[in-house]
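Note that this is a predicted model, so its numbers are computed, not measured. Along the sequence shown, residues carry numbers from 1. Hydrogens, waters and symmetry mates play no part in the numbers below; they use all other heavy atoms, side chains included. Both ligands and their constituent atoms are indexed starting at 1 by order of listing.
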Amino acid sequence: MVWIAQEMIQSPVKETGVRYVRFLDTTLRDGEQTPGVALRPEEKLIIAMKLEDLGVDSIEAGYPSVSEGEFKSVKMISKEITESEVIALSRSNKADIDKAIDADVKAVHLFIATSDIHMKYKLRMSRSQVIETAVNAVEYAKSHGLTVEFSAEDATRSDLDFLINVFQSVVNAGADRLDIADTVGVMWPSRIMNLVKVIKSNVKGNYLLSVHCHDDFGMAVANSVAAIEAGADQAHGTINGVGERAGNAALEEIASAVKFLLGYDTRIRFNKIKDVSDTVSRFFKIPVPPNKAIVGANAFSHESGIHVHGILSNPQTYEPIDPTMVGMSRRIVLGKHSGRHSVEYALKMMGIEPSNELVMRILHRIKQLGDSGSSLTWEDFKRIVLMEINSESA
Ligand code: KIV
Ligand code: ZN
């Protein structure tokens with residue numbers, strides 16, 4: 001089935017009856033707000049092309065009002081990207097919306113804070129002023145033919161009746177998508193599930209519901225998945241979870257959980273995940289932690305003897321998914337936790353049919369090295385093998 005823009009806005013359910021989940025990638029906007037990170041327009045374009053290749057539904061290309069370079073990036077990305085929707089962040093005012101229009105986007109991500117603390121100390125606005133500002137901005141953007149995604153910033157610390165009132169007002173003004181922003185990451189899964197259900201049953205109209213989760217308590221991905229399970233149609237995320245403070249929900253993790261655990265449909269081409277993760281890591285100059293889910297170097301690596309034995313008999317024993325599905329590969333690592341199956345496997349890979357005795361002697365050496373606090377390199381392994389083969393034939 002081919003998705004056209006209007007269908008993507010209106011229908012979260014595919015004809016097959018399998019729920020369809022949308023992804024809005026904000027690596028190039030919220031992700032670039034990572035302290036110390038600044039990308040050049042050409043670098044942003046390369047990442048945008050990778051995101052399009054990955055199959056994200058929307059690419060939040062940037063915040064055109066922030067700087068000339070940012071404006072140029074958004075304009076360049078809008079011109080080049082054809083498969084994904086390109087969306088620009090904009091405060092709820094005409095000047096920002098005009099700047100987004102000048103950057104040639106067809107979709108705008110409007111936001112305004114709805115929590116008392118933000119309204120009082122940041123916006124210095126009353127509740128009714130916030131509603132009026134949001135409605136005017138949505139009407140203005142719609143009058144220019146833009147698709148409108150509206151985020152209530154700090155939604156999760158907002159008074160619930162007021163949040164519903166804001167959302168209902170912007171839907172009545174024509175907003176296509178609503179986004180619950182967990183701006184400082186205070187949700188937990190059962191709580192956001194409840195919030196999604198309350199918003200869906202109280203805000204009437206034709207809109208898609210999204211969530212935007214930050215990772216301040218390490219629950220951004222779990223919260224996004226829980227929100228989707230509860231009925232949210234879309235999640236925002238960034239590749240590798242880059243973003244302000246502890247970062248945003250990692251898009252590759254949400255998408256993998258949605259597809260491989262919940263069994264919902266997405267447009268993500270999962271085998272491209274590793275490539276886009278590497279590109280983002282390189283341009284952001286932020287290494288991917290080895291134990292990071294899905295894309296970390298250790299995500300599909302096995303050292304312990306029991307695990308390797310299981311993996312070599314049937315990979316599903318210790319792998320939730322086949323690593324190639326997300327562009328990764330399996331690694332058998334040798335170290336002091338290894339067992340004879342790993343050594344046998346490594347020797348066979350080198351074209352050696354080892355005797356049981358040779359395997360045990362090599363294993364002994366490997367464990368000795370590990371106990372001395374050293375990690376085993378491939379060069380160490382080859383040296384040990386040579387030494388033991390030579391002593392066997394001597
Ligand atoms: O975290 C946040 O509240 C945001 C908004 C702009 C949606 O990034
Ligand atoms: Zn954010």
Would Arg282 and Asp278 count as a salt bridge (charged side-chain N to carboxylate O under 4.0 Å, His left out) if you check the C-alpha gap in whole Å, the side-chain angles of each, and the deciding distance to 0.1 Å?
CA-CA 6 Å; Arg282 189 152 42 90; Asp278 285 346; over 6 Å; no
Should one rank Glu153, Glu149, Gln33, Arg29 by closest heavy-atom distance to atom 6 (C) of ligand 1, which comes out on top?
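Going through Glu153, Glu149, Gln33, Arg29 one by one, Arg29 has the nearest heavy atom to atom 6 (C) of ligand 1.
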Quick check: does [X] get an N/O under 3.5 Å from an N/O on ligand 1?
X: Thr183; result: yes
X: His212; result: yes
X: Asp179; result: no

Structural part of His236 in contact with ligand 1, heavy atom criterion under 4.0 angstrom
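Under 4.0 Å from ligand 1, His236 contributes no heavy atoms.
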Answer side chain, backbone, both or neither: which part of Glu244 comes under 4.0 Å from ligand 1, heavy atoms only.
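Neither; nothing of Glu244 gets under 4.0 Å from ligand 1.
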With a cut-off of 4.0 Å, which atoms of ligand 1 are near a heavy atom of [X]?
X: Ser151; result: 7 (C)
X: Asp30; result: 8 (O)
X: Ala181; result: 3 (O)
X: His214; result: 1 (O)

Where does the angle between the aromatic ring planes of His236 and His109 fall among parallel (under 30°), tilted (30 to 60°) and perpendicular (over 60°)?
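His236 vs His109 ring planes: perpendicular.
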Would [X] and [Y] count as a close aromatic pair, with their ring centres under 6.0 Å?
X: Tyr345; Y: His341; result: no
X: Phe260; Y: Phe270; result: yes
X: His302; Y: His307; result: no

Could you tell me whether Asp104 and Lys79 have a side-chain N and a carboxylate O separated by less than 4.0 Å?
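Answer for the salt bridge query: no.
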More than 12 foreign heavy atoms under 6.0 Å from CG of Leu262: is that the case here?
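Counting neighbours around CG of Leu262, more than 12 heavy atoms of other residues, nucleotides or ligands fall under 6.0 Å, so yes.
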Under 2.8 Å: N/O/S of His214 next to the Zn ion (ligand 2)
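It does; at least one qualifying atom falls short of 2.8 Å.
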Quick check: does Asp30 have an N/O/S atom under 2.8 Å of the Zn ion (ligand 2)?
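For Asp30, the answer is yes, given that an N, O or S atom comes within less than 2.8 Å of the Zn ion (ligand 2).
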Lys/Arg cation over aromatic Tyr63: Arg29, 6.0 Å, 45° cone
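Ring-cation test returns no.
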